[in-house]
Structure formats: C-alpha cells, structure tokens
Amino acid sequence: MEAARPPDLWLPLLLLLSTTLGFRGLQRLLRRLPLPRHVRPDPLRTWRWHNLLVSLAHSVVSGVWSLLCVWQTPQMLVDIETASSPSGYLLVCFSAGYFIHDTMDILVSRQARASWEYLLHHIMAMGAFFSGIFKCRFVAGGVLTLWVEVSNIFLTLRMMMKINNAQGLVLYRINKYVNLVMYFLFRLAPQAHLTRFFLRYAAERTLGTFLMVILLLLDLMILTYFSRLLRSDFCPRWGRGQPGKEDDKFLTD
C-alpha cells in the first residue's frame, strides 16, 4: 500500500487550528460546572480539575475513535508506515489539536515547572503526529499510539478522585485494579508492538529513525509512570514523597 499524497498545507493547518480552538471552547464550557467541595477552595486544584475534565473528554473520544479506526482498517496493525484512512487522519489532527491546547494551557497557567515532563511528552507526541499530518506517513502509528487514551480514561479518573480526596471510595479501589489491566492492554502492549516495528529504522537516517527515537523516549517515560503508579497505589511505603502530597499531574498522561 502506497502512502497517501500529502494534502495542501492549508488543510492540516485549518484542522489543527479548529481542533485547538475547539478544546479551548470546551474548557470554557466545563468551567461553568460546579466544583467538588475539596477542589473549590484551592486555585491549583481548581485549575487541575478543569484541565483534567478536558483531558478526560479527549481520552474518551480519541480512545474509542482509535479502536474504531483499526477495526475499520486492520491493515494499520501491520503496515504502520503507509496504511491510513480519512478517519485515522482526522483523529491524528484531533489529538494534535488537544496537545497544542493543553501545552498552551499549562504555559498560560504558569504550571510549566510543575508539569515539565508532561510538556515534554506533548512536544514529542506532536513531533510524531506532524509526520502523519503534513506528510501522510505513519498515520497508522499515530492511531496505534492513541490506544493509550483508553488507559488514560481510568488514569484521569484516578487523579480526579485523588485531588478531590476521594481515595477512600470503593470506586477508587476498583479503579486502581482496572488501571493496572488497562495499562498493560492499551499502554504497554501497543508501545511494545510499535517499538518492535520502529527498531528496523535504527541503522537509517530517515523520518522513521526520528520517530524511533521519540518512541524510545516515550517508552522510558511510560515505564517510569508505571513504576510511580505501582508505588503510589500498591506499594505506598516505597513512596519517597511526604504523606498527603498529591501525585504529579503528568501521571495522568
């Protein structure tokens, strides 16, 4: 299968602009919702709550969308470089717009220092997605990486319960086990599949090599997040933080 011809520059730019503004508008709408009691008095928790609401919306839509894309075009599982579909292309644009919005939200809210790993992840993700958006190559790879958003649904709910001091709920205890399963199925397994594919570019100097480097860095971050998740929810005595201290925001990504 040959890669699709790259679209005119105005089309991807228009898609990125519209999705970025769309997430900005969604955030403004969600700010009108009432805040939980433990979130309301704290400006930082208030910002995180609104930020996570947008993140949850993105995860639900893009997670389900990415699964549907592969169901409709199963060739994406094996032909990661050239397989594509109109739906997959729009999904990559949609998620890139979210990452642009969230990066701007972090910077404007002056949370860059606290969430620098989160920003790093966004920059790497956008760098990878742009190859699909502007060159129409590795669109399937972008779709497969978005399977992680299925896991992010439960990670985001976890963080929202934590900042609302709801760790004692039965729902939190159930969610932490669901998190573990989803992490393996939709985060570790797809990353392992993609890493195996992209290692073929190790001896080349191509776009695939650039994406391989990004993927290996993301692998390292994902394993780090996994260790922190295990330590926080299953082995809290191993934690190095102070009692009652919230997890860093980037653990939800």
Side-chain angles (χ1 to χ4, degrees), residues 55 58-71 73-84 88 91-92 94-96 98-99 102 117-133 137-156 158-159 176-204 206-234 247-253:
S55 176
H58 169 257
S59 293
V60 171
V61 174
S62 60
V64 174
W65 193 350
S66 64
L67 293 174
L68 288 175
C69 283
V70 176
W71 179 71
T73 312
Q75 186 68 14
M76 288 184 176
L77 286 171
V78 293
D79 194 357
I80 293 174
E81 181 174 358
T82 60
S84 185
L91 169 59
V92 172
F94 175 80
S95 288
Y98 164 73
F99 289 131
D102 201 48
E117 293 186 47
Y118 204 30
L119 286 174
L120 179 61
H121 169 272
H122 284 8
I123 291 170
M124 290 191 292
M126 286 187 288
F129 285 165
F130 286 166
S131 68
I133 293 171
R137 292 179 60 194
F138 300 102
V139 172
V143 171
L144 290 178
T145 60
L146 287 169
W147 279 17
V148 73
E149 297 299 335
V150 178
S151 172
N152 280 349
I153 294 171
F154 303 95
L155 285 168
T156 304
R158 167 188 177 271
M159 177 58 75
K176 75 177 184 179
Y177 291 104
V178 175
N179 254 332
L180 204 58
V181 174
M182 293 299 174
Y183 210 102
F184 275 103
L185 291 179
F186 294 102
R187 194 174 280 254
L188 296 179
Q191 284 293 124
H193 176 64
L194 287 168
T195 301
R196 181 181 178 184
F197 175 86
F198 276 99
L199 284 176
R200 69 181 62 183
Y201 296 99
E204 303 177 11
T206 62
L207 177 60
T209 311
F210 170 72
L211 295 177
M212 182 199 70
V213 173
I214 290 179
L215 189 66
L216 292 176
L217 291 173
L218 288 174
D219 287 345
L220 180 61
M221 294 181 74
I222 284 175
L223 292 174
T224 301
Y225 298 165
F226 187 51
S227 68
R228 290 171 176 170
L229 181 67
L230 289 176
R231 186 171 64 238
S232 175
D233 278 356
F234 296 95
D247 287 2
D248 290 330
K249 176 182 177 295
F250 57 78
L251 280 175
T252 63
D253 189 46

Checking Val181 now: which residues fulfil side-chain contact (heavy atoms from CB on, under 4.5 Å) with it, not counting sequence neighbours? Leu185
Does the side-chain contact (heavy atoms from CB on, under 4.5 Å) test come out yes or no for Leu217 and Ile214, once each step is laid out? CA-CA 5 Å; Leu217 291 173; Ile214 290 179; 5.7 Å; no
For the side chain of Ser66 and the backbone of Gly63, is there at least one donor-acceptor N/O pair under 3.5 Å apart? yes
For the pair Ser232 and Arg158, evaluate side chain to side chain donor-acceptor pair (under 3.5 Å) and give the outcome as yes or no after the intermediate values. CA-CA 11 Å; Ser232 175; Arg158 167 188 177 271; 3.1 Å; yes
Check the pair Phe210 / Phe138 against ring-ring contact (aromatic ring centres under 6.0 Å, His included), numbers first and verdict last. CA-CA 12 Å; Phe210 170 72; Phe138 300 102; over 10 Å; no
Identify, with sequence neighbours excluded, every residue that meets side-chain contact (heavy atoms from CB on, under 4.5 Å) alongside Val64. Leu68
Centroid separation Phe94 to Phe129 less than 6.0 Å: no
Please work out which of the three classes, parallel, tilted or perpendicular, describes the rings of Phe234 and Tyr177, given edges at 30° and 60°. perpendicular
Given the ring of Tyr225, does Arg228 sit roughly above its face, with NZ or CZ under 6.0 Å from the centre of the six-membered ring and within 45° of the axis? no
What do the steps show when you test His121 against Leu218 for side-chain contact (heavy atoms from CB on, under 4.5 Å), and what is the final call? CA-CA 7 Å; His121 169 272; Leu218 288 174; 3.5 Å; yes
Hey, mind stepping through Phe186 and Asn152 against side-chain contact (heavy atoms from CB on, under 4.5 Å) and telling me if it holds? CA-CA 9 Å; Phe186 294 102; Asn152 280 349; over 6 Å; no
Can you tell me if Asp233 uses its side chain to pair, donor with acceptor, with the backbone of Lys176 under 3.5 Å? no
Pair Glu149-Tyr98, side-chain donor/acceptor within less than 3.5 Å: no
Where does the angle between the aromatic ring planes of Tyr118 and His122 fall among parallel (under 30°), tilted (30 to 60°) and perpendicular (over 60°)? tilted
Under the side chain to side chain contact (heavy atoms under 4.5 Å, CB included) test against Leu215, which residue among Phe198, Tyr201, Phe197 passes? Phe198
Distance-only, no hydrogens or angles: does the Thr73 side chain make a donor-acceptor pair with backbone N or O of Val70 under 3.5 Å? no
Side-chain donor/acceptor of Thr209 to backbone N/O of Thr206, under 3.5 Å: yes
